[in-house]
J.: 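For reference, the structure I am asking about is given below.
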Amino acid sequence: MNPKKILLADDDVKILKAVNGYLTRKGFILMAVDCGRKVLDNFLGFQPDLVILDITMPDIGGFEVCRKIRETNDVPVIFISAKGDINDKILGFTLGSDDYLTKPFFNDELLLRIKAILKRTAKGTAAPQNVITISDFIIDRAARSVAKGGRRLELTLKEFNLLWLLAANRDQVLTRELLIQHIWETDYNEDQGVLNALIKRLREKVEDDPANPCYIKTVRGVGYRFNQIRENR
């Protein structure tokens with residue numbers, strides 16, 4: 001059996017060296033880089049079997065790197081981060097990651113997770129979800145298409161990304177901060193008018209009565225929730 005190749009990215013030199021050395025001794029072929037740009041530059045040439053991404057890197061963060069990889073490839077991704085916030089974990093899994101490990105961690109634990117993911121991948125069960133069928137909706141991430149009751153809906157890219165994020169986490173409240181970070185790829189800004197406007201436009205396309213939404217519900221003071229079961233106000 002050929003050794004598995006892992007592309008590791010972290011701007012912390014100590015972690016990079018420690019994990020690189022440990023996994024190399026365990027028989028993996030490692031490419032260790034210190035920024036997100038190097039992941040994208042070397043991904044096609046290296047063709048890794050698994051990618052490990054630090055979330056916070058100085059040029060391109062792990063979330064954005066994963067988003068770009070997922071546009072064309074289903075390679076397993078593990079996020080590592082000093083942040084254990086639940087919103088970060090939700091965002092990571094929504095983007096298509098396979099695992100999330102909070103720093104500091106033991107290398108033995110990382111190894112166990114890598115082996116478990118590669119085992120699932122070999123069985124063809126580790127690919128991220130690309131189609132959501134929920135209520136009257138069929139949402140296809142690969143095709144960037146949405147149908148409701150058999151009728152295709154025309155959504156902009158940001159409208160589609162917002163709907164996918166809400167539907168992928170149906171019945172869960174997603175904060176405004178998380179939605180803004182995911183849709184606009186930026187830190188939270190106190191001016192939430194752009195998010196409110198995007199929610200309004202999306203409701204006009206997916207709700208039967210946008211003024212009384214059944215699916216995209218506002219949770220006052222927190223954010224929004226997509227109801228799996230149609231709910232009247």
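Just so you know, these numbers use all the heavy atoms, side chains as well, and skip hydrogens, waters and symmetry mates.
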J.: Please determine if Asp59 and Arg37 form a salt bridge, counting it only when a charged side-chain N lies under 4.0 Å from a carboxylate O.
T.: no

J.: Could you tell me whether the side chain of Ile52 reaches within less than 4.5 Å of the side chain of Leu110, counting heavy atoms only?
T.: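 Of all side-chain heavy-atom pairs linking Ile52 with Leu110, at least one is under 4.5 Å.
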
J.: Could you list the residues that satisfy side chain to side chain donor-acceptor pair (under 3.5 Å) with Thr24, not counting sequence neighbours?
T.: Asn20

J.: Does a donor on one side chain and an acceptor on the other come within less than 3.5 Å for Arg144 and Asn161?
T.: yes

J.: Check whether more than 12 heavy atoms from other residues, nucleotides or ligands sit under 6.0 Å from atom CD1 of Ile138, and answer yes or no.
T.: no

J.: Counting neighbours of NZ on Lys103 that are heavy atoms of other residues, nucleotides or ligands and sit closer than 6.0 Å, is the number greater than 12?
T.: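 It does: Lys103 NZ has more than 12 such atoms within range.
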
J.: So, applying side-chain contact (heavy atoms from CB on, under 4.5 Å) with Ile114, which one of Asp98, Leu50, Asp99 is it?
T.: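 Only one of Asp98, Leu50, Asp99 forms a side-chain contact (heavy atoms from CB on, under 4.5 Å) with Ile114, namely Leu50.
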
J.: Can a donor-acceptor pair be found, under 3.5 Å and without considering hydrogens, that links the side chain of Arg170 to the backbone of Ala167?
T.: yes

J.: Measure across Gln47 and Lys5 and return the closest heavy-atom pair with its distance rounded to 0.1 Å.
T.: O-CE, 3.3 Å

J.: Would you tell me whether Tyr215 and Arg203 have side-chain atoms, one donor and one acceptor, within less than 3.5 Å of each other?
T.: no

J.: Would you check if Ile132 and Phe137 make a side-chain contact, meaning some heavy-atom pair closer than 4.5 Å?
T.: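 No, every pair of side-chain atoms sits at 4.5 Å or beyond.
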
J.: What are the two closest non-hydrogen atoms of Phe46 and Ile6, and how far apart are they?
T.: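 Residues Phe46 and Ile6, closest heavy atoms: CE2-O, 3.6 Å.
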
J.: Identify whether the distance between the nearest side-chain nitrogen and carboxylate oxygen of Arg67 and Glu64 falls below 4.0 Å.
T.: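 Looking at Arg67 and Glu64, the cut-off is met.
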
